[in-house]
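These numbers come from the heavy atoms of this one structure, side chains and all, not from hydrogens, waters or symmetry mates.
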There are 2 protein chains.
Amino acid sequence: MIQPATGQGPLYRQTRDLMIRRIADGDWEPGQRLPSEWDLADEFGVSQGTVRKALNDLADENMVLRHQGRGTFVASHTSQRELFHFFHLEAPGGVRQLPVTSRLVGVSSRRASRDDMERLGLSTNAHVVDIQRVRDLGGKPVISEHITLAAKRFPSLAQEDDPPNELYQFYEQRFGMTVHRAVEQLRAIAAGAWEAEQLGVKRGAPLLEINRIAETVDGTPIEWRRSRCNTQNHQYLSEILK
Amino acid sequence: MIQPATGQGPLYRQTRDLMIRRIADGDWEPGQRLPSEWDLADEFGVSQGTVRKALNDLADENMVLRHQGRGTFVASHTSQRELFHFFHLEAPGGVRQLPVTSRLVGVSSRRASRDDMERLGLSTNAHVVDIQRVRDLGGKPVISEHITLAAKRFPSLAQEDDPPNELYQFYEQRFGMTVHRAVEQLRAIAAGAWEAEQLGVKRGAPLLEINRIAETVDGTPIEWRRSRCNTQNHQYLSEILK
DNA sequence: TCTTATATGTCTTATATAGGAATTTTGATG
DNA sequence: CATCAAAATTCCTATATAAGACATATAAGA
């Protein structure tokens, strides 16, 4: 099917946008191989060079992965990716490792608060699911996490009594929701009674609070997460490459 | 002058590396306009397309800026860039603004400690310069900063009694040292007597500590900076685009 | 002098061609 | 069936050409 130029901006950009739409709509699923550059060029009615530029742009944005000789694949969540892009706590030596153990505090459902509605772009009367857990690093509890999701987007999640440790893979495989980017806001807070108990620190001890909003490819916010971390033996890594 | 292929890797990569070298060596200075794509192609003995790919890569890495019709320029530090890439504290509304006022605590010189030597890649007996200041946001003291630099790389800096607020521009214009990337490590700490006084908080209040190492284009670490921030009314922003 | 064309220089977009590199598939052979 | 060689597939590198967009310098005219 030839897609005529929609008219806006350069061809490679329009081509990129069409492909993003396919990923966002699930026409191309995570892990799936895309048609070859030549086939896509045919399909979109542009030259192979134009498709190539669009694909390389998508690769730069981590929406697809390209492998010489094998093909181009829609990005999917692996432990590697989760560690590299979405987990920023490291031990002093620079060692980063995903928590392998965590203690589930609870999964529950409730009406969305005003804050939830704003953060997740929900309408009144929407329901949300809360997941609370404590994650271990180096054998000790270090992160107290509170996660909020729209119940509608994650049906039957509230009944889940043992969500896996790596949630983004779970979201993707089970609910077809792929997290693509996130924004985190950090501040220092004093541990309350709850965190003190969960993390084994004194009340009032300084903790690093990370508030994250995670979005899909098309920019829809699907997860809000508050992590309170004991940074006695760990630190948050932020690379400024630009 | 034709530069024969040095032999390693693809041509566009070699071309990129040659141009990085020119920037790192100061052959091309910050703000300076590069020769046109065609002239560079001539000079390096490759095609214009290859030079173009190399230049676009450099632009992606923020080493150069490209403007249609005007030319390609070596990146230099402006207030804009400093704010966008190197200043991550924002007010709750998402408003970010560089501190316009700051109180200089002192500039002094001393022998490098073992930590300094490691952090800045110095040899024994090297000297360093310390700058300490308190930066204001919204009219109130929010950041207590301690900056350490190699005295050799910043001659006569120790005599400076009023360094400007935007140091990276100062480093570049006065000492020819351009900061290109940085790594920050964050943790939550409790305010000591010193920070409590400087920032107007109680002793033991939670503060966000940011330890930054800033590097030049060729990866030499030139600045170590410890910022302790009152995050009562501000937060650190971290975007995860990848 | 000021304004308005014109020309020039530079980057941008789009296409085409050709060969190389990495991987997978196919087919022949034992 | 197992193994190895050949072919096919896919992405990667490099070059060339041509036209368009944007900005600035130059020249002509009022």
Heavy atoms, side chains only, cut-off 4.5 Å: are [X] and [Y] in contact?
X	Y	result
B/L149	B/L157	yes
A/R181	A/V179	no
B/S76	B/T178	no

Less than 4.0 Å between a side-chain N and a carboxylate O, is that true for A/E43 and A/R22?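 Counted as a salt bridge, because a side-chain N and a carboxylate O are separated by less than 4.0 Å.
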Could you tell me the separation between the [atom1] atom of [X] and the [atom2] atom of [N], rounded to a whole number of Å?
X	N	atom1	atom2	value
B/W38	C/dC11	CH2	P	11 Å
A/Y12	D/dA21	OH	P	14 Å
B/D57	D/dT13	CG	P	10 Å

Using a 4.0 Å cut-off on heavy atoms, which residues in residues 48-56 of chain A reach DNA chain D? List them by number, or say none.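 Correct list: A/R52.
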By a strict heavy-atom criterion of less than 4.0 Å, which residues belonging to residues 68-80 of chain A are in contact with DNA chain D?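 Those residues whose heavy atoms fall under 4.0 Å from DNA chain D, taken from residues 68-80 of chain A in numerical order, are A/Q68, A/G69, A/G71, A/T72.
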Compare the minimum distances between each of C/dT13, D/dA16, C/dT17 and the side chain of A/P10, then state the nucleotide with the smallest one.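 When the side chain of A/P10 is considered, C/dT13 is the closest of C/dT13, D/dA16, C/dT17.
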Nucleotide nearest A/R66 (side chain, heavy atoms from C-beta), chosen from D/dC12, C/dT17, D/dT15: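 That would be D/dC12.
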Option passing salt bridge (Lys or Arg N to Asp or Glu O under 4.0 Å) with A/R226 (candidates A/E184, A/E145, A/E209): A/E209
With a 3.5 Å distance limit and no angle check, can you tell me whether [X] reaches the backbone of [Y] through a side-chain donor-acceptor pair?
X	Y	answer
A/T220	A/T216	no
A/Q14	A/Q8	yes
B/R153	B/E223	no
A/R96	A/L89	no

Under 4.0 angstrom, heavy atoms only, what part of the nucleic acid is B/R13 near: base, sugar-phosphate, or nothing? nothing
Reading DNA chain D 5' to 3', how would its secondary structure be written in dot-bracket notation, given Watson-Crick and G-U pairs with both distances under 3.5 Å, brackets [ ] for crossing pairs and | for partners on other strands? ||||||||||||||||||||||||||||||
List the steps, then state whether side chain to side chain contact (heavy atoms under 4.5 Å, CB included) holds for B/H146 with B/R225. CA-CA 6 Å; B/H146 180 160; B/R225 178 185 294 219; over 6 Å; no
Kindly say whether the aromatic ring centers of A/F86 and A/H77 come within a distance under 6.0 Å. yes
